[in-house]
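One structure below.
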Amino acid sequence: MSADSNEKTAVPTPDGAPSARGSSHGDSTEGPPNTKERGIDLAKADSKVVVPKDAADETDPYAHLPEREAKILKDQVFTPDVKVGLATLYRYSSRNDLIILFVAAVCAIASGAALPLMTVVFGNLQGTFQDYFTPGGGLTYDEFVDELSSLVLYFVYLAIGEFVTSYVATVGFIYTGEHISAKIREHYLASCMRQNIGFFDKLGAGEVTTRITADTNLIQEGISEKVGLTLAAVATFVAAFIIGFISYWKLTLILLSTVVALMLSMGTGSTFIVKNSRHNIAAYAQGGSVAEEVISSIRNAVAFGTQDRLARQYDTHLTKAEFYGFKLKSTLGVMVALMMTILYLNYGLAFWMGSRFLVDGSVPLSKILTVMMSVMIGAFNLGNVAPNIQAFTTALGAAAKIYSTIDRASPIDPSSEAGAKLETVVGTLRLEGIKHIYPSRPEVVVMDGVSLTIPAGKTTALVGASGSGKSTIIGLVERFYTPIEGAVYLDGVDITTLNLRWLRQQIALVSQEPTLFGTTIYENIRHGLIGTQWEHEGPEKQEELIHEAAKKANAHDFITSLPEGYQTNVGERGFLLSGGQKQRIAIARAVVSDPKILLLDEATSALDTKSEGVVQAALEVASAGRTTITIAHRLSTIRDAHNIVVMSEGRIVEQGTHDGLLEKRGAYYNLVTAQAIAAVNELTEAEEEAIDRQDELLLIRKASTRNKQEGDVAAPEDPDDDIRARLQRNQSHQSASSVALAGRKTEPQTKYGLWTLIKVIASFNKEERGLMLVGLFFSAICGGGNPTQAIFFAKLISALSLPTTPENIAHIKSEASFWSLMYLMLAIVMLVSFSIQGIVFAKCSERLIHRVRDMSFRSMLRQDVEYFDQDEHSAGALTSFLSTETTHVAGLSGSTLGTLVMVFTTLIAACTVALAIGWKLALVCIATMPVVIGCGYFRFWMLAHYQRRAKRAYSGSASYASEAITAMRTVASLTREDDVLRQYRESLAVQQRASLISVLKSSLLYAASQSLMFLCFALGFWYGGTLIAKYEYNMFQFFVVFSSVIFGAQSAGTVFSFAPDMGKATEASRELKTLFDRKPAIDTWSADGDKIASVDGTIEFRDVHFRYPTRPEQPVLRGLNLTVSPGQYIALVGASGCGKSTTIALLERFYDPLAGGIFIDGKEVSSLNVNEYRSFIALVSQEPTLYQGTIKENILLGASHDITDDQIDFACKEANIHDFILSLPDGFNTVVGSKGALLSGGQKQRIAIARALVRDPKILLLDEATSALDSESEHVVQAALDKAAKGRTTIAVAHRLSTIQKADIIYVFDQGRIVEQGTHGELMKTNGRYAELVNLQSLEKQG
């Protein structure tokens, strides 16, 4: 991405002017302000109120440009909208896919229809029993047994049919879903590879990668097993009612009412649930954004000690979320209660009405049973459709986004064959009348009227400040962008007429940040051969070329010294190599194809002195005899260039040879003289080595002491032996980092037992103990429902199977009415107990989640800054932990316990009743229990498993795709597009094969869980039937035993599936425990350390060495000595990465130094109490952090104690913001919006200054406080800062040197130590490093 990262970083501030940042030399871009701007009345400046843009206003960012120019820019970023229907989802299905889909759909429908068929068999069996018992029924023992066996066999056939159909359906749908979504992924990546770079600037690589990971997963979910489930559920519903109407239509019609009741209760329930869920999510989203704001600006919160207040702010949102969450979960509980009630009412109604019809003689009991059960099955299956519908709609939404990219025609398409290819390339480049605007920043003209000839075989160097258009030239030559005027010619041919891929194969690019891909060094260099005549040569020839290139790039030696040589894997983005090593591999990759044109974009700027010399030498060898364009930031590296072009603000200021330009005494001359003198003070390599070695010893010692505390193996005892061994290796810093990395082991994963975790979670619900007991009591009652029902069921059946003779009718009627009323009573009891336990557990689990979130957030804020530097603790990761992991914890809370109690009471009661009434049959039925429960549980578990599997399977290929997309420029310049796609295709194919095998296996389990049910029924009926045949059991006994055990087990199995995921819960609680137990080195909760009453403000750094814990291989401070007297205003200046901001971070005690000490008034900082110490310091940083809330609340966050309104007013006046605040309609109560989005940069920064001043600090730290502002705001803020610094010890890190000319002492940093110090005047006389920085900045202004 970095080909023009210099221009990219000029992010427009809200005031609309670009702020130039990220300069190629130092951090300094703007020099002394022009005098005509001085006339601004500071009181009035920067007081425009920023109006938040409405969507309507933002219609066209290109409106200010002429038609033709706007069109060129729009083409580069415009994406068409695609309408997506169901057919579009299946757009990439092959003929085989469609055939499989058809077969699977038929099977799904068949498997759905099989369930209600079971009811027919069940009814007929009852009929057979009844005939056998009815005197004069005329069934002999043998006939009965024959009839019984044939009906039992039907169950077996059903089981086999169900197994086959559900297996085929599941496998079919999942296979085609994977296949089609893989096709979509492939087309999507192919389309991304075709797009022009402007498209990515607009979207951002992140957006593109989420689409390839998240959105394709959503599509896959929408077209896989869910389709089959929905079809099956609908089929069940339809079949059930067909069977019902055929059996006896009147009763079926009457029982339709239960379907209506179910639909109503589910419908109203779900509207409530959706409404509350929306509120709950919204309330939490606000809390989440508070958390995100706080964590992403954690240094600010730490510096001002506002952790507690911010946590309270977060808590208010949690309380709101808890309120809605409780409503949501209790509604769910009541909905379940209603469903159970309706179930029992349906039984009661069916038997009561059925007894009427039976007495009339219009229908036998077997038909009544068939109707009753099929209606139940049908009604409950309709409920399975709703959740899946949602998956389809999300899939359609996701597809619309993805297809819009797939269908986008790229204006600069590297895959097209169009365009000429020149026979021979000389290599002369010519730019004519170029005017360029980046499509993502239409308000900035980057180049205007540039014409430049770059002769073949010569080296042309571009110099100038950042934002002057140097990198843009490279972007245009590579044809990443289309200029809006003018053209680029290669050998006199306009490059827009040439074939794009061919053009890029003639050019090799080495950029500032080398991008390597996650494969071996050999493969990385081989990427350079793509598209050349050597691409398909034998491996011997390729290896020879690769070794040649590596030798040219000075890389061969260090590669061969690695344990695995060229086969060493570089890790993602080259993470495992040092900067210099990566850069040399990138150079080898560039020269391996012997390109005609070599583009070097600040290829050495990211390196330290040691590596720079090596890389520079490599570049000089590489560029011999080629057309080379080099962008340099150290002028010494380009003195031999054939032509040096000095650029400023998109125009060419002067050009010529090194000597020619020196004679002119122009801009170039000033730059060179300053750099030459500054060079005298630089560290020599030997000195640098010595300091680094010292640091390494410290690191090793630190690591070994740390290890000893942990009782691990100690690091090498006598570091000197280690060093001697190390010096033989050519790269001494490698081992330092390895030592440091060894010391920086990932924090030890403590293993916690399940019991500990349950205790942790229980401690959060301490206060709700009473409620929990109530909930558990009612859970037990709920569990008793099923066995009770079994007795009613059996009583009714035995009553209704009496022969209907006139003398029996009254008895039958009264029995039927009595037991039907008992069903009514049972329904009411169930309604009450399910509701109560649902509501009670809803309360408990919401309280739990609330407390866990609050506690987690506080524990996060307790950690030191080092914790947040680690990749796995990025703001995104931590906020998602707060929103998701914390909710998983509920899986180990009361509701799960309730579920278990319910299941156990059901099973125990069922077994007891059954054994009491008929032990023989009971034992046989109990033997099938595990199978039945397993079926119920596995059915749901498998469905969840499919979803998890689909997500997991594609994470590997997704990260590969995202790596390629993030490095899009490198891919484009290497013309690696086809190669990337080929590898992606292969990895998808591997995953498909692997997942096909796993689906074939896991679907067996799913199909078995669907079908084994029937076999258990068959066994129960067969054995029960034989007992009945021998007159051992009567019908009542048989039905009690059978229905209590089998139906009990069935309900237990489904209840299990409702239980939240316990695996996730243990995982989440383990992470929580780790977080709560982690004690940071610099702990804001501890009361240790000396208290200090007052501070004078004498600050002293004594020989401070420091490296960031996350980058131990990079020395930052190497022996810093610095003294500040009270009330002094000192400034720290120097190139970026020289340790200025680190000094401020150490002063705030975000970190502790490796060696040396920081003293305040003669006391070492680490011996003082952190919170006390920080209360004397205020920090104003580069990016002002404001939180959601009013201006006043934001200013109050600075205060360490209660303050009066007068003090606030005073601070605001000092910060030059008072009048502006009063001019707002709401004054101090104006809401600033998220991250202060409703204020301009300058206004935010002044509020941040007011916040710093409110605490009346003794020491004021300014970390580039004005660098992100445009010049108008800068004056205002600068004036405020000058006012604020009076009478305080002030340390300012400066970016624009004009802002610190008045400082008492200016310290110039270079590579972690001070090279010059003095006042502005003294340093200008010395004409060294400081003067060079000043000259660089004045060059900006002359342009």
Side-chain angles (χ1 to χ4, degrees), residues 116 119 122-123 237 240-241 244-245 247-270 331-358 363 365 367-384 778 781-797 799-800 813-838 902 906 1039-1040 1043-1044 1047-1048 1050-1051 1054-1055 1058:
T119 61
F122 194 91
F237 180 75
F241 277 90
F245 280 117
S247 300
Y248 187 59
W249 64 270
K250 271 189 193 167
L251 188 56
T252 309
L253 263 184
I254 291 172
L255 293 185
L256 249 179
S257 60
T258 56
V259 179
V260 178
L262 260 184
M263 288 302 116
L264 274 177
S265 68
M266 277 178 158
T268 48
S270 59
T331 313
L332 192 65
V334 173
M335 206 164 98
V336 174
L338 279 172
M339 277 160 61
M340 299 313 271
T341 311
I342 290 170
L343 175 79
Y344 292 135
L345 288 176
N346 177 57
Y347 279 132
L349 178 64
F351 278 125
W352 187 69
M353 274 316 299
S355 66
R356 292 296 151 94
F357 291 135
L358 186 89
V363 65
L365 177 60
K367 289 278 168 68
I368 293 176
L369 281 181
T370 302
V371 169
M372 179 179 81
M373 291 178 73
S374 65
V375 168
M376 272 326 299
I377 287 176
F380 273 95
N381 258 296
L382 205 52
N384 286 345
F778 279 103
I781 292 182
C782 297
N786 235 311
T788 319
Q789 189 251 212
I791 293 178
F792 297 172
F793 187 72
K795 280 282 184 201
L796 273 164
I797 285 186
L800 293 181
K813 270 191 173 170
S814 72
E815 279 283 279
S817 300
F818 175 73
W819 290 113
S820 299
L821 284 173
M822 292 304 280
Y823 262 122
L824 174 67
M825 183 216 62
L826 182 64
I828 293 169
V829 171
M830 287 292 115
L831 178 67
V832 172
S833 48
F834 265 102
S835 299
I836 290 181
Q837 70 109 15
M902 204 186 302
T906 300
F1039 276 107
V1040 167
S1043 59
S1044 77
F1047 292 159
Q1050 226 181 332
S1051 79
T1054 39
V1055 165
F1058 282 127

- [ ] Start with the C-alpha distance between Leu262 and Met339, add both sets of side-chain angles, then the distance that settles side chain to side chain contact (heavy atoms under 4.5 Å, CB included), and finish with yes or no.
- [x] CA-CA 7 Å; Leu262 260 184; Met339 277 160 61; 3.6 Å; yes

TODO: May I have the step-by-step check of side chain to side chain contact (heavy atoms under 4.5 Å, CB included) for Tyr344 and Thr788, ending in yes or no?
DONE: CA-CA 11 Å; Tyr344 292 135; Thr788 319; over 6 Å; no

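- One finds the CG atom of Leu349 at 8.5 Å from the OG atom of Ser820 (value rounded to the nearest 0.5 Å).
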- [ ] Dump the intermediate steps for side chain to side chain contact (heavy atoms under 4.5 Å, CB included) on Phe245 and Leu253, then the final yes or no.
- [x] CA-CA 8 Å; Phe245 280 117; Leu253 263 184; 3.9 Å; yes

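- When all heavy atoms of Thr906 and Gly783 are compared, the closest pair comes out as OG1-O, 2.9 Å.
- Taking the side chain as every heavy atom from C-beta outward, Trp819 and Leu800 never approach each other to under 4.5 Å.
- Considering all non-hydrogen atoms of both residues, Phe793 and Ser1043 come closest at CD2-OG, 3.9 Å.
- Here the CE-OG1 distance, from Met376 to Thr119, works out to 12.5 Å after rounding to the nearest 0.5 Å.
- The distance from atom CG of Leu365 to atom CE of Met372, rounded to the nearest 0.5 Å, is 8.5 Å.
- Closest heavy-atom contact between Val371 and Gly244: CG2-O, 3.8 Å.
- Considering CD1 of Ile342 and CG of Asn346, their distance stands at 9.5 Å, rounded to 0.5 Å.
- Counting only heavy atoms from C-beta outward, the side chains of Thr258 and Leu345 never approach each other to under 4.5 Å.
- For the pair Thr370 and Ser247, the tightest heavy-atom approach, listed with the atom from each and the gap, is CG2-OG, 3.7 Å.
- Separating the CE atom in Met830 from the CD1 atom in Ile781 is a distance of 7.5 Å, to the nearest 0.5 Å.
- Counting heavy atoms from C-beta on, the side chains of Gln789 and Tyr823 come closer than 4.5 Å.
- Counting only heavy atoms from C-beta outward, the side chains of Leu343 and Phe380 approach each other to under 4.5 Å.
- Counting heavy atoms from C-beta outward, Leu251 and Val363 have side chains that stay 4.5 Å or more apart.
- Put simply, the side chain of Asn381 does not reach to within 4.5 Å of the side chain of Pro116, judged on heavy atoms.
- Under the 4.5 Å side-chain criterion, counting only non-hydrogen atoms from C-beta, Leu256 is in contact with Phe241.
- Using the six-membered ring where Trp is involved, Phe351 and Tyr347 have ring planes that are parallel, under 30° apart on the 30 and 60° scheme.
- Across all their heavy atoms, Arg356 and Ser817 have their closest contact at NH2-OG, 4.3 Å.
- Residues Gly785 and Leu826 approach most closely at O-CD2, 4.0 Å, considering heavy atoms.
- Looking at Met822 and Lys795, their side chains never come closer than 4.5 Å, going by heavy atoms from C-beta outward.
- One finds the CE atom of Met335 at 6.0 Å from the OG atom of Ser270 (value rounded to the nearest 0.5 Å).
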